[in-house]
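The structure appears below as C-alpha cells.
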2 protein chains.
Amino acid sequence: MKTKEHILSTALQLFNEQGTAGISTNHIAEAAGISPGNLYYHYRNKEAIIRALFEQLFALWDTKLALPDDRLPTLDDLQGLVRTNFEIMWAYRFVYRELLALLRGDAALHERFVMIRQRGYEGFREIVSLLAQSGVLNVPTSDETVDELADLCWLISEFWMPTIEINGEAASAAELERGVTLMLAVLRPYFPD
Amino acid sequence: MKTKEHILSTALQLFNEQGTAGISTNHIAEAAGISPGNLYYHYRNKEAIIRALFEQLFALWDTKLALPDDRLPTLDDLQGLVRTNFEIMWAYRFVYRELLALLRGDAALHERFVMIRQRGYEGFREIVSLLAQSGVLNVPTSDETVDELADLCWLISEFWMPTIEINGEAASAAELERGVTLMLAVLRPYFPD
DNA sequence: GTCTATATCGCGATAGAC
DNA sequence: GTCTATCGCGATATAGAC
C-alpha cells in the first residue's frame with residue numbers, strides 16, 4: 001500500500017501548488033517517481049485520486065473536529081474548532097480553491113460532500129446552541145438568533161481562508177487569526193454584561 | 001463587433017452551465033455557430049475570452065455598485081448594494097465558483113482583480129463608516145468594530161452565494177435573501193435603542 | 001471576417017512483458 | 001506491482017482560400 005499512499009501525497013502537493021486542472025496523471029506519476037501505467041494500476045483515473053483525497057479530508061474532519069462529550073463546550077472550544085478547521089483546510093487547500101468546479105464534475109462525490117458538510121454544520125449549530133443554553137451567550141435558546149449566529153460562524157469557518165487567499169499570498173497565521181477575531185466580533189454583542 | 005460579443009455571451013452561458021475546464025474553444029465556436037478559426041480571429045485563446053468576461057464583470061461592478069453621492073447612505077442602500085451584487089455575481093457565477101483556480105493561471109488578471117476588489121471593499125468600508133457617523137449604527141467611527149463589521153458584510157457579500165451553491169441547487173431568491181438577513185443580523189446589535 | 005484543413009501536442013487509458 | 005510501448009482522442013492554434 002506504500003505506493004498508493006505515495007501517489008496520494010504527491011498528488012495533494014501538486015494540486016495544492018498548481019491546481020487540479022493543470023496537473024495530469026502523467027505529472028503525478030513523474031513527480032512520484034513511478035510510471036504512468038503504475039499509477040493507473042492503483043487508481044482508475046484522476047477523479048479517483050481526487051476522491052481519495054476528499055476522503056482523507058473527511059476523515060480529518062471527522063476525527064479532529066469532535067466536541068467535548070463530558071462537559072459543555074466553551075467559547076475557547078469554538079475558537080479551537082475553527083483554528084483546527086483552518087489547519088485542515090490549509091493542508092487540503094486545493095479543495096476550497098475550486099470546490100464548486102470539483103463537485104460539479106462528480107455527482108457521487110458531490111452528494112457525499114454535502115452530507116459530510118451538513119454534519120459539520122450541525123455540530124457548529126449545536127455548539128452555538130449549547131453556548132446559549134449555558135449562558136455563555138445571552139440569547140434565548142429557541143431564538144432564531146442562534147441560527148443566524150451559527151450560520152455566520154460557519155460561513156467564516158468555511159470561507160475565511162479562500163477570502164484571504166484571493167489576495168495572492170499564502171494565508172499567514174495572522175490573517176487566519178483575523179478570522180477567529182471576526183467570529184468573536186459576531187458573538188461579542190451577546191456576551192453577558 | 002457583433003461576432004466578438006456573440007462569442008462572449010455564448011462563452012458566458014457555457015461557463016456558467018459547465019465550468020471553464022470542461023468547455024473548449026471548439027465548444028464555444030460550435031455553440032456560437034461559427035468556425036474554430038473564426039473564434040481565434042477574434043480572441044487569441046480561451047484565456048483571452050475569460051479575461052474579457054472578467055472585464056465585463058468589473059464594468060458592472062463599477063457602474064452598478066455606486067453609492068449615493070448627494071446624501072448619506074442608509075441601511076437600505078447597503079442592503080440594495082448587496083442584492084445588486086448578488087445579481088451580478090449570479091450572471092457571472094462561473095467566476096466565484098472557480099475564482100482562485102482562474103486567478104492562479106493568469107497573473108495579470110489576478111493583479112487586476114485584486115485591485116478592483118480592493119476598491120469594492122473600500123466602498124463597503126466607507127458605507128459602514130458613514131452609517132456609524134450618521135448614527136444609524138451605534139458605533140464610534142474610529143472604533144475597530146467598524147472594520148470588523150465591514151469585513152463581515154464583505155465576506156457575506158462575496159461568499160454567501162458560493163456557500164449556498166455548494167448544496168447543489170441553483171441559488172434561489174429566498175436563499176440569497178437569507179444572506180441579506182445575515183448581514184442585518186451582524187449589524188442589529190448596533191442599532192440605536 | 002469567415003471558412004476549411006491541418007499540424008502539433010499532451011492527455012487518458014490499456015496491453016503485455018517482466 | 002511495476003515497467004515500456006502505444007493507441008485514440010480532443011484541444012490549441014495556424015495557414016491559406018474565399
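Residue numbers begin at 1 in each chain, while the letters A, B, ... track the order of the sequences. Heavy atoms only: backbone and side chains are in, while hydrogens, waters and symmetry mates are out.
- For Phe159(B), the ring-ring contact (aromatic ring centres under 6.0 Å, His included) test picks out Phe159(A), Tyr96(B), with sequence neighbours left out.
- Taking Ile, Leu, Val, Met, Phe, Trp and Tyr as hydrophobic and joining them when side-chain heavy atoms fall under 4.5 Å apart, one finds Leu130(B) in a cluster with Leu72(B).
- Across the protein-nucleic acid pair, Arg44(B) atom CZ and dT14(D) atom P stand 7 Å apart, rounded to whole Å.
- Residues passing the side chain to side chain contact (heavy atoms under 4.5 Å, CB included) test with Val136(A) are Leu75(A), Leu131(A), Ser134(A), sequence neighbours excluded.
- Listed by residue number, the members of residues 16-29 of chain A with any heavy atom below 4.0 angstrom from DNA chain C are Ser24(A), Thr25(A), Asn26(A), His27(A).
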Under 3.5 Å donor-acceptor pairs involving side-chain atoms of residues 45-52 of chain A, not counting sequence neighbours:
residue  : atom : partner   : partner atom : Å
Asn45(A) : OD1  : Glu47(A)  : N            : 3.2
Asn45(A) : OD1  : Ala48(A)  : N            : 3.0
Lys46(A) : NZ   : Thr20(A)  : O            : 2.7
Lys46(A) : NZ   : Ile23(A)  : O            : 2.9
Arg51(A) : NE   : Asp106(A) : OD2          : 2.8
Arg51(A) : NH2  : Asp106(A) : OD1          : 3.2
Arg51(A) : NH2  : Asp106(A) : OD2          : 3.4

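- Partners of Arg44(A) according to the salt bridge (charged side-chain N to carboxylate O under 4.0 Å, His left out) rule, which considers only residues two or more places apart in sequence or in another chain, do not exist here.
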Evaluate side chain to side chain contact (heavy atoms under 4.5 Å, CB included) for Tyr92(B) paired with Phe54(B), printing each intermediate quantity in order. CA-CA 8 Å; Tyr92(B) 290 78; Phe54(B) 267 79; over 6 Å; no
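- Annotation: the terminal axes of the helix from dG1(C)-dC18(D) to dC18(C)-dG1(D) meet at 0°, where each axis is the rotation carrying the C1' atoms of four end pairs onto the next four (5 pairs per end, rounded to 10°).
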Under 3.5 Å, which donor-acceptor pairs do the side chains of residues 142-153 of chain B form with other protein atoms, sequence neighbours left out?
residue   : atom : partner   : partner atom : Å
Asp143(B) : OD1  : Thr145(B) : N            : 2.6
Asp143(B) : OD1  : Thr145(B) : OG1          : 2.4
Asp147(B) : OD1  : Arg125(B) : NE           : 2.4
Asp147(B) : OD1  : Arg125(B) : NH2          : 3.1
Glu148(B) : OE1  : Arg188(A) : NH1          : 3.4
Asp151(B) : OD1  : Tyr121(B) : OH           : 2.5
Asp151(B) : OD2  : Arg178(A) : NE           : 3.1
Asp151(B) : OD2  : Arg178(A) : NH2          : 2.7

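- For Glu126(B), there are no salt bridge (charged side-chain N to carboxylate O under 4.0 Å, His left out) partners, not counting sequence neighbours.
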Produce the list of close N/O pairs, under 3.5 Å, pairing protein atoms with atoms of nucleotides 2-4 of chain D; give distances to one decimal.
residue : atom : partner  : partner atom : Å
dT2(D)  : OP1  : Thr3(A)  : OG1          : 2.9
dT2(D)  : OP2  : Thr3(A)  : OG1          : 3.0
dT2(D)  : OP2  : His42(A) : NE2          : 2.8
dT2(D)  : O5'  : Asn38(A) : ND2          : 3.1
dC3(D)  : OP2  : Ser35(A) : N            : 2.8
dC3(D)  : OP2  : Ser35(A) : OG           : 3.0
dC3(D)  : OP2  : Asn38(A) : ND2          : 3.1

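- Here dA13(D) presents its P atom at 4 Å from OH of Tyr40(B), a figure rounded to the nearest Å.
- With sequence neighbours left out, the salt bridge (charged side-chain N to carboxylate O under 4.0 Å, His left out) criterion links Glu177(A) to Arg83(A).
- Partners of Tyr41(A) by ring-ring contact (aromatic ring centres under 6.0 Å, His included), not counting sequence neighbours: none found.
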